[in-house]
Visitor: 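Here's a structure for you.
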Amino acid sequence: MKTTMRGLVKESAGPGGFVLHTDLPIPEIGEDEVLLQVRCTAFCGTDLHIWEWDEWSRRRVKAPFIPGHETVGVIVAAGEKVTDRRVGQRVSCETHIPCGECWFCKNGMPHICKNVKLFGVTQDGAFAEYAKIRADCTFPIDDDISDEAACMFEPMGAGVHGVEAADVAGKTVLVSGCGPIGLTAVSACRVFGAKTVIACDLFDEKLAIAREMGADVTFNSGKCDLPEEVRKLTGGVGADAAIDITGAEKAINNSLKSVRAAGRLVCVGLPSEKVTMDLTEDLIYREVSMTGVSGRRIWGTWESFAKVMKSPWYKLEHVLGGRFRLEEIDEAVRQIRSGVPGKMILYP
Ligand SMILES: [Zn+2]
Ligand SMILES: [Zn+2]
């Protein structure tokens, strides 16, 4: 039996890429863990933070370790206490590894666990031939979902979670930002029964794809007064809900102003700096609710997303960026930095 594997390693605490090792030990599992033979793993914005070693990484990550968390693999071994997973099962992984003990875990919110650990961030991940993870953090993948689609549960799940929080059924919903997560949110709005889906972005090409993936109406927010256009479309009222994927100050304010009084703004995108808003005029006087979502509900969002993936609205080819082998990681990152859209998938 093979005892070593190939994998990418973030070797030290500081800026710099991931290095291919060919003689890493295959992880040894504990009694509540499973060992996965990795099929493929997508590259996340988080991985780029770790690569560049920004403030976020400095606070959380200890090198050396194996990054990568948006993955799908087949279980090849299971610890003795694992009862509801079996060898041969194909699973994807939840990055948020909850403690199971804190107030949030015990009250049905393990995705915002106070002691959360992060797969592929605070412990070894899946840019390798094999990876281990606690069995209760795996999600079985139906046969009609491809490996590449299965890698999308984790990264795009936050967008689907945003749609859940916006409670879109029967409503007019604005999705702001049409990158892969926004496009997924657009399809999810359709599947969850929104009455009208409006999408906005700064790039017309992305808006064309948003229309293919379920948007009824699109606006280039760089070329129009978005709140004004949304009001025109809704008889002067405004959208029932808006979902911000961008995390950009201007876009968040535009979304807030596009929502009707007593409507809801859901924030998914992470602003890189503090955001200024006119709470008095835009939120308080108009009784608008504002909600943040983090990660995915475990496992409600995953089940919802499986439904979105199988719908005719969801078009994986528009969400994928490129396919690479582990040793081609530098090229994958070069393409991400040069602005090639979509998720990059790494094959071990
Ligand atoms: Zn991720
Ligand atoms: Zn907890």
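Whatever order the structure lists them in is the order used to number ligands and atoms, beginning at 1. Worth knowing before you read on, the calculation uses all heavy atoms, side chains too, and leaves out hydrogens, waters and symmetry mates.
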Visitor: Taking the side chain as every heavy atom from C-beta outward, state whether Phe43 and Lys343 have any atom pair closer than 4.5 Å.
Guide: no
Visitor: Please find the N/O/S atom of His69 nearest to the Zn ion (ligand 1) and write down its name.
Guide: NE2
Visitor: Where the Zn ion (ligand 1) is the corner point, what angle links OE2 of Glu70 with SG of Cys44, to 10°?
Guide: 90°
Visitor: Would you say that more than 12 heavy atoms from the other residues, nucleotides or ligands in this model lie under 6.0 Å from the CD of Glu55, or not?
Guide: yes
Visitor: For Leu279, which fellow cluster members are found when Ile, Leu, Val, Met, Phe, Trp and Tyr are connected by side-chain heavy-atom distances below 4.5 angstrom, either directly or through intermediates?
Guide: Ile252, Leu256, Val259, Leu265, Val275, Met277, Leu283, Ile284, Val288, Met290
Visitor: Does Lys117 NZ have over 12 foreign heavy atoms under 6.0 Å away?
Guide: no
Visitor: Could you tell me if Arg211 and Thr218 have a donor-acceptor pair between their side chains, going purely by distance under 3.5 Å?
Guide: yes
Visitor: For the Zn ion (ligand 2), which protein N/O/S atoms fall under 2.8 Å? Skip waters.
Guide: Cys99 SG, Cys102 SG, Cys105 SG, Cys113 SG
Visitor: Is any N, O or S atom of Asp47 under 2.8 Å away from the Zn ion (ligand 1)?
Guide: no
Visitor: I'd like to know if Lys171 and Asp240 make a salt bridge, using a cut-off of under 4.0 Å between side-chain N and carboxylate O.
Guide: no
Visitor: Main chain of Asp54, side chain of Glu52: is a donor-acceptor contact present, judged purely on distance under 3.5 Å?
Guide: no
